[in-house]
Structure formats: structure tokens, C-alpha cells
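Note that this is a predicted model, so its numbers are computed, not measured.
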Amino acid sequence: MFVDALADGAVACGLPRKEAIAYAAQMMKGTAELLLSTGEHPDALRDRVCSPGGSTIQGVRKLEEGAFRAAVMNAVIATFEKEF
């Protein structure tokens, strides 16, 4: 869902859908590979890529305004707590 949402945002900014999906998936893959290879905490990686006053930190700000972290945590917890 996150890759699809990233792609939708890129399409809204003018990228063709095929490229938007590829770029979003590659970003997720690259991020995961970097975290796994370095052992860094995700917050440390975020701090490295967010330059002061830059576009990335503005995106992070919007995700925080939308309670992204809480929504993802709640989805994980709901999945765990689901009774079969």
C-alpha cells in the first residue's frame, strides 16, 4: 500500500505510472538494503537524508501530521491481536 501511495503521489506530480511504481519500489528496496547492511537504526538513516530545510524533512513532517507512524503501528497491532 505504501509503494502504491508513493506512486500515486509521483503520478500527481507528473510522472508516468510505470516509472512512478518502479521508482517507489526501488526506493523501498534501497532503504531496506541500506538498513540491513549498515545495522543503523531507521531514525539515524532518516537524520542522514533529511537536510535542514530540505524537501525530505518536509515530507516527514507531512507524514507525522497525518499520523503515519501511529496508523502503521495500529495496523501491526490489529493484525497481531486478530483472533482466528
List the atom of [X], the atom of [Y], and the distance in Å for their closest heavy-atom pair.
X: Val3; Y: Ile21; answer: CG1-O, 4.4 Å
X: Leu6; Y: Ala24; answer: CB-CB, 3.7 Å
X: Glu40; Y: Leu35; answer: O-CD2, 3.6 Å
X: Ala7; Y: Ala20; answer: O-CB, 3.6 Å
X: Arg17; Y: Val11; answer: CA-CG2, 3.6 Å

Measuring from atom [atom1] of [X] to atom [atom2] of [Y], what distance do you get when rounded to the nearest 0.5 angstrom?
X: Asp47; Y: His41; atom1: CG; atom2: NE2; value: 10.5 Å
X: Leu45; Y: Cys50; atom1: CG; atom2: SG; value: 9.0 Å
X: Arg48; Y: Asp43; atom1: CZ; atom2: CG; value: 13.0 Å
X: Ile57; Y: Arg46; atom1: CD1; atom2: CZ; value: 6.5 Å
X: Thr31; Y: Leu36; atom1: OG1; atom2: CG; value: 10.5 Å

#### Entry: Note: Glu64-Arg61 ion pair, threshold 4.0 Å (strictly below)
no

### Task
Please check if atom CE in Met27 has more than 12 non-hydrogen atoms from other residues, nucleotides or ligands closer than 6.0 Å.
yes

